[in-house]
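For clarity, every value in this text was computed on a predicted model and none was experimentally measured. To find a chain, count down the sequence lines: A is the first, B the second, and so on, and within it residues start at 1.
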Number of protein chains: 2
Amino acid sequence: MRARMEDVARLAGVSTATVSRVVNKPECVSHETRQRVMDAIGQLEYKINLAARSLRTNQTRTIAILIPTIAEPVINQLVEAVEDVAVTENYSLLMCSTRGDSAREQAYIQQISQQTMVDGVLYVSPRSAPEQVLELANSDVPLVLCNYHVEGTGTPCILADHVSSIYQTTSHLLAFGHRRIALLNLAALHYYPARMRREGFENAFAAAGLSPDPDLVVELREPTYDANDWRGVINELLDHAHPPTAIVAFNDKVALEVYAVCRARGLCIPHDLSVTGCDDILSARYLDPPLTTVRIPAYELGQLAMQTLLMRINQTDPTIHKTTLLDVELVVRESCAPPEQAL
Amino acid sequence: MRARMEDVARLAGVSTATVSRVVNKPECVSHETRQRVMDAIGQLEYKINLAARSLRTNQTRTIAILIPTIAEPVINQLVEAVEDVAVTENYSLLMCSTRGDSAREQAYIQQISQQTMVDGVLYVSPRSAPEQVLELANSDVPLVLCNYHVEGTGTPCILADHVSSIYQTTSHLLAFGHRRIALLNLAALHYYPARMRREGFENAFAAAGLSPDPDLVVELREPTYDANDWRGVINELLDHAHPPTAIVAFNDKVALEVYAVCRARGLCIPHDLSVTGCDDILSARYLDPPLTTVRIPAYELGQLAMQTLLMRINQTDPTIHKTTLLDVELVVRESCAPPEQAL
DNA sequence: GTGTTTAATGTAATCGATTACACCGTGTAT
DNA sequence: ATACACGGTGTAATCGATTACATTAAACAC
């Protein structure tokens, strides 16, 4: 029923080759012929069949972005950047978000690596086990990793400097004179940035010639994304016989919960407790007091990742195997102050 | 280089038809043959070519979701719902976000309607002119609209009750005794929910036998999404000779700015000024005081929209032309109080 | 034994574009 | 006048699956 290229060709009195050329490289067709073909296309409401084209050209002009969720501000900025680049390069974006469901993550990986579906994959913040990430890396689909690092395979990794982020917030608190600083590192332990953040925390202490109290480093064997659980953990921390004077939250969402708990307990930030976050989400600046946190260059991360992926796909530059680390920036607001001696 | 179905067939000693059946309806193939074929598939690392399949079957098993941005909590919940349904139904999701760029919105519409690319489209919160929406509605791609309403075309529309949302917040304030209530309706005027929200505002007054002061209804001819502009508008409103005692913000983001302005001016919410929002974004409950707002059933909206679209695609039910309106729910927190007589 | 049903498999046409190669006519160089 | 280049166009093979229809063998009824 739908018009095919052949129908257009017949109506315009040319061959399908010419119609194809009008669509793909109009400059190779004489002006008048082009006009006739365009008219025919309009008249027949011709739609090009991308499946047929893909079959012939062996490229889909589609890339998949595999992410844990789109509900995180950092991630959706990153996705926006990726899409911006994709649009200018005439690529489409297939959304694959796993929502913390590792079976689904696995299913997406299978699908991508066992079907000719996309020209490349951007794998952001893998939550699944390293073997699964490797499965994708070893398939023949061009891959770029974001927020994750693997050695050995030639897979490019684009990372924000997660060590530095927590290093900076921790140093900021140390500079205020805090010594009993807690780290709330509530993500999965095998999650790459979680390890990096812990490293940043310890490095900051080491740089000051100190070391953190292990009692105050909270890491969950079984990670949870339920705010109620988080609140439980925070309350426990503050019930400690010798409670912290400052809390380094591993991201702003957790910091939000710290604020909520403090309000409930009648604690005043930063007077009774200093708090830092990470990510600089929208609400960070609207909190009372505004939250000191770290800006992640999410947009730049996405841009760079997508550009790198395109280079891999087009094999423009075979030297792009290296890891890229992007700087993060401490955003000082009003949630930190010197420790209260009284406490 | 890559193995084709024919290669698998040869290795397994069967015809391509059988291989295809193993892939698509394994139950129609005898146990032993199936095993042989599966082994061959594994051995050759055979990947099915989706383009070839699509060409033959005339379906892509992909749907496009056209949205203004993914950075809005309501929208990303909706997208998540859509993806959840898509995954269970074996569809892929093509992300088309326009980021307020109407040229890009137009380009996406063109692309979708002039190429055989997707089996259907979910068009969420169109920002573009009605004619452009109609262009898509009149193309032969199955379409479902979200957060928008058109008459006449057989296009299903799935909507949250935007009239009711602002009706409820306004009534809530009226019940507290407020009379000088401002409406901050800062979206584009041709944007459907904007019209509905204004209607809700006026209906609430009418139901109380009152009418709003037109001076206090702020609508922008040229909409802006810049928080600084918003702050200017809010300040202007509070500088009014006879300022409002309450502000109905058209969404929580604007309410956030109202909070910021109040803090800057030393006004205390809700003592000096009552505020309501809309959307119930994450930070609403973390504000001080927690914001009274309206919960939009974003997840349900997305689910229903996707289900409806699938029914259209499969033509399961030709009676799904009707508009569906989903209820919204007032979430009372602590940002409203009776008006101060002193002000 | 004959006819009929059923399960399992094979044959081959088909989906709709792309593109290497061939071809033609005109203009330009020698 | 001959050769050559070049822009514009056509011919036809090809990409890799799906599936209607045909075929075969086995099972079963009578």
- Task: Enumerate the residue pairs fulfilling salt bridge (Lys or Arg N to Asp or Glu O under 4.0 Å) with a member in residues 96-110 of chain B, sequence neighbours excluded, ordered by first and then second residue.
- Result: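 Only Glu80(A)-Arg99(B), Glu83(A)-Arg104(B), Asp84(A)-Arg99(B), Asp84(A)-Arg104(B) qualify under salt bridge (Lys or Arg N to Asp or Glu O under 4.0 Å).
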
- Rounded interatomic separation in angstrom, taking CD from Glu27(B) and P from dT9(C):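 Result: 13 Å.
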
- Please give, in whole Å, the distance from dG10(D) P to Arg10(A) CZ?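 Rounding to the nearest Å, CZ of Arg10(A) and P of dG10(D) are 14 Å apart.
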
- Message: Name the residue from Ile112(B), Ile67(B), Leu143(B), Thr155(B) that meets the side chain to side chain contact (heavy atoms under 4.5 Å, CB included) definition with Tyr123(B).
- Response: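 Exactly one candidate clears the test, Leu143(B).
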
- side chain to side chain contact (heavy atoms under 4.5 Å, CB included) with Glu72(B): which of Asn76(B), Thr69(B), Ile70(B)?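 So the option named by the test is Thr69(B).
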
- Could you walk me through whether Asn49(A) and Arg2(A) pass side chain to side chain contact (heavy atoms under 4.5 Å, CB included), step by step? CA-CA 10 Å; Asn49(A) 187 318; Arg2(A) 186 132 54 221; over 6 Å; no

- Message: Holding to salt bridge (charged side-chain N to carboxylate O under 4.0 Å, His left out), I want the full list of residues that pass it with Arg21(B), two or more places apart in sequence or in another chain.
- Response: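 Testing Arg21(B) for salt bridge (charged side-chain N to carboxylate O under 4.0 Å, His left out), a comparison that skips the adjacent residues, returns none.
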
- By salt bridge (charged side-chain N to carboxylate O under 4.0 Å, His left out) - contacts of Glu6(B) (at least two apart):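 Counting only residues at least two positions away or on another chain, Glu6(B) forms a salt bridge (charged side-chain N to carboxylate O under 4.0 Å, His left out) with Arg4(B), Arg10(B).
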
- Item | End axis versus end axis in the helix from dG1(C)-dC30(D) to dT30(C)-dA1(D), the angle rounded to 10°, five pairs used at each terminus |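 One end's axis against the other's: 40°.
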
- Task: Check whether any side-chain heavy atom of Ile65(B) sits under 4.5 Å from a side-chain heavy atom of Leu78(B), and report yes or no.
- Result: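 Yes. Closest side-chain heavy atoms under 4.5 Å.
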
- For every nucleotide of nucleotides 14-25 of chain D, 5' to 3': is a protein heavy atom under 4.0 Å from its base (B), only from its sugar-phosphate (S), or from neither (-)? BBBBBB------

- Query: Can you find a side chain N or O atom of Ser30(A) that sits less than 4.0 Å from OP1 or OP2 on dG7(D)?
  - Reply: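 Checking dG7(D) against Ser30(A), no side-chain N or O comes under 4.0 Å of OP1 or OP2.
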
- Could you list all the side chain to side chain donor-acceptor pair (under 3.5 Å) pairs where at least one residue sits in residues 38-47 of chain B, not counting sequence neighbours?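 The answer is Asp140(A)-Lys47(B), Gln35(B)-Asp39(B).
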
